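Here's the structure, in structure tokens; my notes come after.
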Amino acid sequence: MMQEPDALSPSELIAARRAKLSHLRTELGVDPYGQRVDGRATLAVARGQFDEGAHVAHAAAVAAAKVDPAAPIVDTRAKTRVAGRVVQHRDMGKIVFVGLRDASGDLQISMSKSEMSPTAFAVAKGLDYGDIVAVDGRIGRTQKGEVCVWATDLSMQSKNLEPPPSKWHGLEDAELRYRRRYVDMFANPQTVRTFEARSHIVSTIRRFMEARGYLEVETPMMHPVAGGAAARPFTTMHNALGMPLFLRVAPELYLKKLLVGGLSKVFEINRNFRNEGIDRSHNPEFTAMEAYEAFGDYGTMLELVESLVHHCACAALSHQWNARAEDGPILAFGEMRIDYRRPFEQVQFATLFERGVGCSMHDQEKVRAAATANHIAHAATSDHWLLVNELFERCAEALIDPLRPTFVLDYPSATSPLTRPSRANPDLAERWDLFIGGMEIGPAYTELNDPDVQLAKFTDQLRGADEEMSTFRTLDEDFIAALRTGMPPAGGMGIGIDRIVMLLTDSPSIRDVILFPLMRPEGTSDVPA
RNA sequence: GAUUGCGUAGCUCAGCUGGUAGAGCAAGUGGCUUUUAACCUCUAGGUCCUGGGUUCGAUCCCCAGCGCAAUCACCA
């Protein structure tokens, strides 16, 4: 080793790369960090420029020139300039093969000592897995048929100083994939495919909503009062105003204010923040879409969401986001084959409850008995409808067919404080939840627009809140004032975008569809100095 | 927040009734002008997650901590 190891990282692997960095500068006179590269083709485009006829003609001309040195070598192979990260490096002596990768795919670069400057060839021989290079050359293929760029020049664009993961296995450790996503992205090409798909799905949703006349809006993420969902918020503080703020748990109340203001169809796609647990389908910040339509109801929203999800499933098929897609909008999700054909299933909450629990949800005695039998806390004293809700989640939700998108309709009114009670049965709220693949994708409601009923429900909810909840759950006077101004009757819905993306990209964890999921800091344990 | 499991070389993984560790790839060296996880030669590479304890001796057993994963709770 010609150079002292990196002071911060004593690994000799890093020292070797630093030595090469120094060698590039002092011995080869090369800037390892490159300059602007114009006229670059993606690797996929360059590969598409391959022409077998030109390759054969060139090979024949080279062969002829060996017999008769005076014979002209006509080369009609396409010239190209590409750049990418080195993912393979095979040095055969006087010929070097390098595998390059960019977001479009992989392409081999073949470099013959006789066709390059000594400096460029020396750089090529010294490349490491992870370096970024730019290459000029012509598109041809090798004797074994591998389409490649036969390089005439190669320049260093960035030196990799971090020992990269195994080129064969990629980066498999889930923790490292999330913490160092940038490594995951070049070590595991599927990661890039998944996030491209995510982008296309969000774009598809946006275009779908716009085509239906919905206006996209952006409402505050910092709320003086946390509202719109029953979730613990994150707290923060505005210094200059001396003002406590909550990161929003839902945009709902602001979007409804826009209906008061006269917009009739609005949607917002953005982040919500909920101070809750983390698991396979929960990240503290997640992306949701909420949409509201004046003069609609939850039926309006049902048609909207069914069309939207079906549309996205079809788009997933045609874009092959999901490699295991079968004929029709049937998409693989792990071991499941989820059938997105319309119409989706619909089932009444009360029906599903009876099937799962074995009694009518209106039968107070039997519900309480069932709650006791299922060891639900405070079964003897709890409110009837809270028990119904508990029992439903414990016993009935599992009956929903995970292979078919299913709307569960008409939840108990008592657990839906922002929802308008059903005209036919005031115990029920005009609300549905959509379940796909065993996950809750989102709810929709016929929104409550009577300010006095809303105020009463909020007040009831506050009265029932425990000490912790009541520290951040306060009455949103602004929202009540907006309702007093007059909000048209409306349908509203919210769906989890991350979960839709999970389903359509066959990703088992929400962390596979969030670029930088929240991780605990590592290596900062209380080691005494 | 609870329970269970995992943490060994840069990566992927072996290993040990408790006697301080191995492989493949990656890295360094030498060879090779058509390779495909290139191959061949030689070499180097480890706080076995951290801190305690038991022991003559701990990577292994016990306790605590940290991180990750799964399940549950909360929630979407």
Side-chain angles (χ1 to χ4, degrees), chain A residues 1-2 5 9-17 19-20 59 87-99 106 108-116 121 125-126 128-130 140-146 148 150 160-180 183 187-188 228-233 249-250 272-290 377 390 393-394 433-435 439-443 468-469 494-500 508-511 517 519-528:
Chain A
M1 221 56 57
M2 298 306 289
S9 309
S11 161
E12 67 166 23
L13 295 169
I14 293 169
R17 282 159 190 258
K20 283 189 180 179
V87 293
Q88 288 174 319
H89 184 240
R90 289 188 281 272
D91 179 353
M92 312 287 295
K94 294 191 180 65
I95 189 165
V96 178
F97 300 103
V98 162
D106 290 5
Q108 179 172 295
I109 311 299
S110 304
M111 287 167 284
S112 171
K113 185 178 185 182
S114 59
E115 290 174 24
M116 301 174 75
F121 193 69
K125 283 181 82 77
D128 283 318
Y129 179 32
R141 63 168 170 82
T142 64
Q143 287 176 0
K144 295 287 175 67
E146 180 78 31
C148 65
W150 283 102
N160 177 304
L161 297 173
E162 284 287 322
S166 156
K167 68 183 181 186
W168 179 243
H169 293 96
L171 191 62
E172 293 189 345
D173 184 88
E175 179 175 356
L176 287 178
R177 289 185 48 223
Y178 304 142
R179 285 192 195 281
R180 303 208 293 170
V183 176
N188 302 316
R232 288 174 172 74
V249 294
N272 292 335
F273 307 86
R274 298 192 181 176
N275 211 336
E276 310 281 356
I278 296 174
D279 64 29
R280 206 200 289 222
S281 58
H282 296 81
N283 194 63
E285 56 177 306
F286 65 101
T287 302
M289 174 168 80
E290 288 198 10
E390 286 276 326
E393 287 178 6
R394 192 167 304 196
D433 265 33
L434 174 61
F435 293 83
M439 283 192 295
E440 188 181 356
I441 299 305
E468 190 203 349
M469 287 301 233
I495 56 174
I497 299 296
D498 310 281
R499 290 180 178 179
I500 296 275
S509 167
I510 199 168
R511 294 184 151 197
M519 303 291 281
R520 284 189 162 94
E522 60 172 350
T524 53
S525 55
D526 49 342
V527 179

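Computed from a predicted model, the values in this text were never measured in an experiment. Lettering follows sequence order; numbering is per chain, from 1.
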For the pair made of [atom1] in [X] and [atom2] in [N], what is the distance, rounded to whole Å?
X         : N       : atom1 : atom2 : value
His89(A)  : rU36(B) : NE2   : C1'   : 14 Å
Phe121(A) : rU33(B) : CZ    : P     : 9 Å
Gln108(A) : rU35(B) : CD    : C1'   : 7 Å
Gln88(A)  : rU35(B) : CD    : P     : 14 Å
Asp128(A) : rG28(B) : CG    : C1'   : 11 Å
Glu390(A) : rC72(B) : CD    : C1'   : 13 Å
Ile441(A) : rA76(B) : CD1   : P     : 13 Å
Lys94(A)  : rU33(B) : NZ    : C1'   : 7 Å

As a test of reading the structure: which of [options] is closest to the side chain of [X], going by heavy atoms?
X         : options                   : answer
Trp168(A) : rA76(B), rA37(B), rU36(B) : rA37(B)
Leu13(A)  : rC74(B), rA26(B), rU33(B) : rA26(B)
Glu276(A) : rU36(B), rU33(B), rC74(B) : rC74(B)
Lys20(A)  : rG24(B), rA76(B), rG28(B) : rG28(B)

Could you go over nucleotides 68-70 of chain B and give all protein N or O partners under 3.5 Å, atom names and distances?
| from | atom 1 | to | atom 2 | distance (Å) |
| --- | --- | --- | --- | --- |
| rC68(B) | OP1 | Arg520(A) | N | 3.0 |
| rC68(B) | OP2 | Arg520(A) | NH1 | 3.3 |
| rC68(B) | O4' | Glu175(A) | OE1 | 3.0 |
| rA69(B) | OP1 | Arg511(A) | NH1 | 2.7 |
| rA69(B) | OP2 | Arg511(A) | NH1 | 3.4 |
| rA70(B) | O3' | Arg280(A) | NH2 | 3.1 |

Which is true for [X] with a 4.0 Å heavy-atom rule: it touches a base, it touches only sugar-phosphate, or it touches nothing?
X         : value
Gly277(A) : base
Phe97(A)  : base
Asn283(A) : base
Glu146(A) : base
Gly494(A) : nothing

TODO: Map Leu171(A) and Arg17(A) onto RNA chain B by nearest heavy atom, then report which one ends up closer to the 5' terminus.
DONE: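 The residue mapped nearer the 5' terminus is Leu171(A).
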Toward the 5' end of RNA chain B, which comes first, Gly170(A) or Ile95(A), by nearest nucleotide?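 It is Gly170(A), whose closest nucleotide lies nearer the 5' terminus.
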Quick check against the 3.5 Å criterion: does [X] have a side-chain atom that pairs as donor or acceptor with the backbone of [Y]?
X         : Y         : value
Glu276(A) : Arg232(A) : yes
Lys20(A)  : Gly126(A) : yes
Asn272(A) : Phe286(A) : no
Trp150(A) : Arg141(A) : yes
Arg499(A) : Glu440(A) : yes

Using purine N1 to pyrimidine N3 plus N6-O4 or O6-N4 for Watson-Crick, or N1-O2 and O6-N3 for G-U wobble, both under 3.5 Å, which nucleotide pairs with [N]?
N       : result
rU47(B) : none
rC68(B) : rG5(B)
rU33(B) : none
rC11(B) : rG24(B)
rU41(B) : none
rU54(B) : none

I need the [X] [atom1] to [Y] [atom2] distance, nearest 0.5 Å.
X         : Y         : atom1 : atom2 : value
Tyr129(A) : Lys167(A) : OH    : NZ    : 8.5 Å
Asn283(A) : Met519(A) : CG    : CE    : 10.0 Å
Asn188(A) : Arg177(A) : CG    : CZ    : 5.5 Å

- prompt: Mind checking what makes salt bridge (Lys or Arg N to Asp or Glu O under 4.0 Å) contact with Lys94(A), not counting sequence neighbours?
  reply: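 Lys94(A): no salt bridge (Lys or Arg N to Asp or Glu O under 4.0 Å) contacts found.
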Can you check the distance between [N] and [M], where both ends of the measurement are the [atom1] atom (answer in whole Å)?
N       : M       : atom1 : answer
rG15(B) : rC56(B) : P     : 29 Å
rU71(B) : rG10(B) : P     : 31 Å
rC66(B) : rC75(B) : C1'   : 26 Å
rU54(B) : rC63(B) : C1'   : 11 Å
rG57(B) : rU20(B) : P     : 15 Å
rU59(B) : rU41(B) : P     : 34 Å
rA73(B) : rU55(B) : C1'   : 41 Å
rG22(B) : rC39(B) : P     : 24 Å

For [N], does either OP1 or OP2 sit under 4.0 Å from a side-chain N or O belonging to [X]?
X         : N       : answer
Lys167(A) : rG10(B) : no
Arg274(A) : rC75(B) : no
Lys144(A) : rU34(B) : no

Decide if atom NZ of Lys113(A) counts as having more than 12 heavy atoms of other residues, nucleotides or ligands within a radius under 6.0 Å.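 For Lys113(A), atom NZ is not crowded (no more than 12 foreign heavy atoms under 6.0 Å).
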Margin query: According to a cutoff of under 5.5 Å between the ring centres and under 30° between the ring planes, does Phe286(A) stack with the base of rA76(B)?
Written below: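 Base of rA76(B): stacked against Phe286(A).
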Problem - Polar side-chain contact Ser110(A)-rU35(B) base: donor and acceptor under 3.5 Å - result: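 Per atom types, no contact qualifies.
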- What do the steps show when you test Met92(A) against Phe97(A) for side-chain contact (heavy atoms from CB on, under 4.5 Å), and what is the final call? CA-CA 8 Å; Met92(A) 312 287 295; Phe97(A) 300 103; 3.8 Å; yes
Contacts under 3.5 Å, N or O only, protein and nucleotides 39-44 of chain B:
| from | atom 1 | to | atom 2 | distance (Å) |
| --- | --- | --- | --- | --- |
| rA44(B) | O2' | Glu12(A) | OE1 | 3.1 |

- Message: Looking at every heavy atom in both Asn160(A) and Pro163(A), which two are closest together, and how far apart are they?
- Response: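 So the two residues come closest at OD1-N, 4.3 Å.
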- Query: If you look at every heavy atom in Pro443(A) and Asp433(A), which pair is closest and at what distance?
  - Reply: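 Distance-wise, the nearest heavy atoms are CB-OD1, 3.0 Å.
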